[in-house]
Amino acid sequence: MPVERARPADHTGEVVAAAIIVDGRLLLAQRTRPPELAGQWELPGGKAEAGETADDALRRELREELGVEVSGGDRIGEDVPLPDGRVLRAYRVELVSGTPVALDHAELRWVDGRELGEIDLVGNDRGWVPDLRLHLKGW
Ligand code: CDP
């Protein structure tokens, strides 16, 4: 009989984050977990699953987290290496249908360039602010 082993966690691969910008405002989502990140704001997204492209992962994550359909787009900002070996990447995506709802977050907010600089963003996303602001109004 083969011995059953716990599968090692996949600590490689990509975490995708979506920059949804409508009328010069960026959609941010407020995290509920883990406790040290709860209350902070992020670009919505999550871990790509095995075999998924970044586009696939963006479409699935935003369907799950916001209840919207999106089309994948261009990279924005730099890669962010995560402590677990994954890499976090932001993509500009377009809303195809639906209105975002916080299905997995505490709250959603549309921010302009000034508000983006003032809100409590998760540390990993802060480096993207200058690139994001180029597409936002009000700064
Ligand atoms: O939803 P899923 O469990 O796949 O992923 P997640 O827990 O939302 O994100 C995976 C990792 O990426 C976590 O360490 C998040 O803190 C990080 N992340 C981030 O730093 N910035 C984002 N905009 C999205 C995720």
Side-chain angles (χ1 to χ4, degrees):
M1 281 261 289
V3 178
E4 288 224 16
R5 288 195 190 86
R7 215 178 270 235
D10 175 13
H11 287 328
T12 58
E14 185 168 347
V15 178
V16 296
I20 303 174
I21 297 169
V22 177
D23 293 336
R25 288 175 190 273
L26 170 72
L27 185 68
L28 292 180
Q30 191 178 34
R31 289 195 67 103
T32 60
R33 62 178 188 279
E36 59 272 23
L37 296 182
Q40 292 193 312
W41 296 80
E42 68 175 6
L43 274 61
K47 300 178 200 88
E49 292 176 355
E52 272 186 334
T53 64
D55 272 14
D56 294 336
L58 284 164
R59 283 198 298 270
R60 177 184 50 73
E61 286 285 349
L62 299 188
R63 205 176 285 140
E64 290 173 3
E65 294 187 355
L66 305 176
V68 294
E69 295 298 320
V70 299
S71 63
D74 298 335
R75 290 284 318 278
I76 188 164
E78 298 287 319
D79 285 7
V80 181
L82 297 179
D84 68 2
R86 291 187 171 86
V87 60
L88 172 65
R89 294 200 175 106
Y91 294 84
R92 180 115 191 241
V93 306
E94 301 296 325
L95 270 180
V96 173
S97 66
T99 302
V101 177
L103 300 175
D104 192 43
H105 288 89
E107 213 183 309
L108 303 180
R109 231 183 112 174
W110 293 94
V111 296
D112 66 16
R114 183 183 56 78
E115 292 161 335
L116 180 62
E118 292 171 356
I119 203 163
D120 187 16
L121 270 190
V122 297
N124 289 331
D125 295 15
R126 286 180 203 152
W128 296 331
V129 167
D131 301 283
L132 291 166
R133 271 191 170 152
L134 298 176
H135 305 277
L136 303 181
K137 64 183 182 191
W139 59 284

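Small disclaimer: the values here were computed from a predicted structure and weren't measured. Counting convention: from 1, in listed order, for ligands and their atoms alike.
- When hydrogens are left out, the protein atom nearest atom 5 (O) of ligand 1 is Gly46 CA, 3.5 Å; that is the closest non-hydrogen contact.
- Contacts between Val80 and ligand 1, counted as non-hydrogen atom pairs separated by less than 4.0 Å, are absent for every part of the residue.
- Other residues, nucleotides and ligands contribute more than 12 heavy atoms inside 6.0 Å of the CD atom of Glu64.
- In terms of protein heavy-atom proximity, atom 4 (O) of ligand 1 is closest to Lys47 N, 2.9 Å.
- Listed by number with element, the atoms of ligand 1 under 4.0 Å from a non-hydrogen atom of Ala17 are 23 (N).
- In the displayed structure, Asp120 atom CG is contacted under 6.0 Å by more than 12 heavy atoms of other residues, nucleotides or ligands.
- Less than 4.0 angstrom separates atom 15 (C) of ligand 1 from at least one non-hydrogen atom of the protein.
- Of the protein's heavy atoms, Asp125 OD1, 2.8 Å lies nearest to atom 21 (N) of ligand 1.
- The option from Leu43, Leu88, Leu82, Asp104 that lies nearest to atom 19 (C) of ligand 1, judged by heavy atoms, is Leu88.
- For Trp128 (side chain) and Glu78 (main-chain N/O), a donor-acceptor pair under 3.5 Å exists by modelled atom type.
- Per-atom contact check: atom 8 (O) of ligand 1 touches the protein, criterion being a heavy-atom distance below 4.0 Å.
- Among all non-hydrogen protein atoms, the one lying nearest atom 24 (C) of ligand 1 is Glu42 OE1, 3.4 Å.
- Summary of contacts: the protein heavy atom closest to atom 12 (O) of ligand 1 is Val15 CG1, 3.5 Å.
- For the pair Arg59 (side chain) and Glu69 (backbone), a donor-acceptor distance under 3.5 Å is absent.
- Panel note: side chain Glu61, backbone Leu58; no donor-acceptor pair is recorded below 3.5 Å.
- The protein heavy atom nearest to atom 6 (P) of ligand 1 is Arg31 NH1, 4.0 Å.
- At the top of the distance list for atom 20 (O) of ligand 1, counting protein heavy atoms only, stands Asn124 ND2, 2.8 Å.
- The ligand atoms of ligand 1 that sit less than 4.0 angstrom from a heavy atom of Leu37 are 16 (O).
- Within the 3.5 Å criterion, the main-chain N or O of Leu136 finds no donor-acceptor partner in the side chain of Asp112.
- Heavy atoms of Asp84 found under 4.0 angstrom from ligand 1: none, in either backbone or side chain.
- The residue Arg86 has no part lying near ligand 1, judged by heavy-atom distances below 4.0 Å.
- Remark: side-chain polar atoms of Trp139 are paired, donor with acceptor, to backbone N or O of Arg133 under 3.5 angstrom.
- Using modelled atom types, one side-chain atom of Arg31 and one backbone atom of Arg33 make a donor-acceptor pair closer than 3.5 Å.
- Under a 3.5 Å cut-off, the side chain of Gln30 and the backbone N or O of Trp41 do not form any donor-acceptor pair.
- Here the options are Val68, Leu62, Val22, the test is side-chain contact (heavy atoms from CB on, under 4.5 Å), and the partner is Pro100; only Val68 passes.
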